[in-house]
Amino acid sequence: MKRAQVLPASDPESIRLAAEIIRSGGLVAFPTETVYGLGANALDSEAVAKIFEAKQRPSFDPLIVHIATRASLDLLAQKTGAVDRRLMDAFWPGPLTIVLPKRDNVPDIVTAGLSTIAIRMPAHPVAQALILNAGVPIAAPSANPFCYVSPTCAQHVLDGLGDRVDLILDGGSCPIGVESTIVSVSESSLELLRPGSVTLAELRDIMGTSVRAAAGTTIVAPGQLPRHYATKTPVTILRAPGARPAIQARERAGLLAMSAPGQENEMFCAIEVLSSSGDLREIARNLFAALRRLDSLGLDRLYAEPCDEQGLGLAIMDRLRRCAVHTQ
Ligand code: TXA
Ligand code: MG
């Protein structure tokens, strides 16, 4: 079985090789500011099919296409409106994905047959260099097997997809740690399809008040399955930070703590503290790596503290709920 090459993204030769692989229809995992992506030439349907195969991703779940310049929009989207352009001016390059009407030359496999396409211009210098060098738009989902936690470093990609990708560009840990915010524009209002690192408040600042958050935890982006980020170990979300879980007799439990936990820690076999000060950016950055570490211990259950669903907290709780079986 083949094993992916892992090359340092800081070496221009690695980028050149990665771009060559993309152009010739292969798969490259690369860092973005949110999570690592599993990239292929978005205009090559056979290359894109390899993404679905590698991830075991169902074909009804469309991909995000990554671009490095606004000029590439013309290849992919039929048109952009004034609101779309305002969003691009404010948030691109960066962690915002915008859903636009697609052009016919985009293979159907990319968009799962939808008439729309999700596009993002990542800010990460490695992602930008790769797209520019490849000279084609890059379709990329998160570089994890379908339904597992997204990868935030090269080792995570190697662990999950090491035998199914041609090259992994190692650019260190992702600075944001949760996936991009996804929005679609209808008439003059905006719908939030997936909460992410661009917050509702930031969108409202640009848009005025006309931003509709998806009601409650309803899934609006296709493929946003309820247990999308499932860990192998069942996760229970606690009622409040510091709440005492009802641990079953002989249950080996782990705790995912948002901030430094108080007393009574002896009931847990392992504790991961996401941020000693409870800082949401730090929590987001550490979330997936901490979940993966806890998940590797073979415990019976993980208890996760909730955080306030404000700002980045909305995306953090969204991801935790997709891991969780139930709330206690
Ligand atoms: O931060 C990110 O967005 C990362 C990095 C690699 O860019 N990518 C990522 O991709 O999270 P993925 O495939 O794991 O999630 C993409 C989401 C899916 O839930 C999919 O349903 C939604 O984007 N999506 C794609 N095309 C769409 C469309 N035309 N309309 C609505 N949702 C769409
Ligand atoms: Mg994903």
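One-based numbering, in listed order, for ligands and for the atoms of each. This structure is a prediction, so every number in the text was calculated from the model and none was measured.
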Close-contact set for ligand 1 against [X] heavy atoms, below 4.0 Å:
X	result
Glu179	1 (O), 2 (C), 11 (O)
Asp61	18 (C), 20 (C), 21 (O)
Arg194	2 (C), 3 (O), 9 (C), 11 (O), 15 (O), 16 (C), 17 (C)
Leu193	31 (C)
Thr116	28 (C), 29 (N), 30 (N)

Under 2.8 Å from the Mg ion (ligand 2), can any N, O or S atom of Ser150 be found?
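For Ser150, the answer is no, given that no N, O or S atom comes within less than 2.8 Å of the Mg ion (ligand 2).
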
Contact with ligand 1 for Leu114, non-hydrogen, under 4.0 angstrom:
yes

Against ligand 1, does His66 come closer than 4.0 Å with any heavy atom?
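Yes, His66 has heavy atoms under 4.0 Å from ligand 1.
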
For Glu251, does the CD atom have more than 12 heavy-atom neighbours from other residues, nucleotides or ligands under 6.0 Å away?
yes

Exceeds 12 heavy-atom contacts within 6.0 angstrom, atom CG of Asp104
no

Any N/O of [X] closer than 3.5 Å to an N/O of ligand 1?
X	value
Ser180	yes
Lys55	no
Thr97	no
Ser142	yes

Tell me, do Thr34 and Val178 make a side-chain contact under 4.5 Å, heavy atoms counted?
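No, every pair of side-chain atoms sits at 4.5 Å or beyond.
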
Is any side-chain heavy atom of Asn144 less than 4.5 Å from a side-chain heavy atom of Leu161?
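Side chain of Asn144 against side chain of Leu161, heavy atoms only: no contact under 4.5 Å found.
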
Sidechain N-carboxylate O distance under 4.0 Å for [X], [Y]:
X	Y	answer
Lys50	Asp166	no
Glu282	Arg285	no
Asp108	Lys102	yes

With rounding to the nearest 0.5 Å, note down the distance linking NE2 in His124 to CD1 in Ile176.
10.0 Å

Check: of Ser184, Ala118, Ala112, Ser197, min heavy-atom distance to atom 26 (N) of ligand 1 comes from Ala118

Just to be sure I'm reading this right: ignoring hydrogens, which of Pro62, Pro141, Pro151, Ala29 gets closest to atom 24 (N) of ligand 1? Compare them by their nearest heavy atoms.
Pro62

Counting heavy atoms under 4.0 Å, the part of Ile182 that contacts ligand 1 is side chain

Side chain, backbone, both or neither: which part of Arg57 comes within less than 4.0 Å of ligand 1 when only heavy atoms are counted?
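Just the side chain.
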
Could you tell me whether the side chains of Ser180 and Arg194 share a donor-acceptor contact shorter than 3.5 Å?
yes

Between Arg86 and Ile206 (side chain of the first, backbone of the second, donor and acceptor by atom type, cut-off under 3.5 Å), is there such a pair?
yes

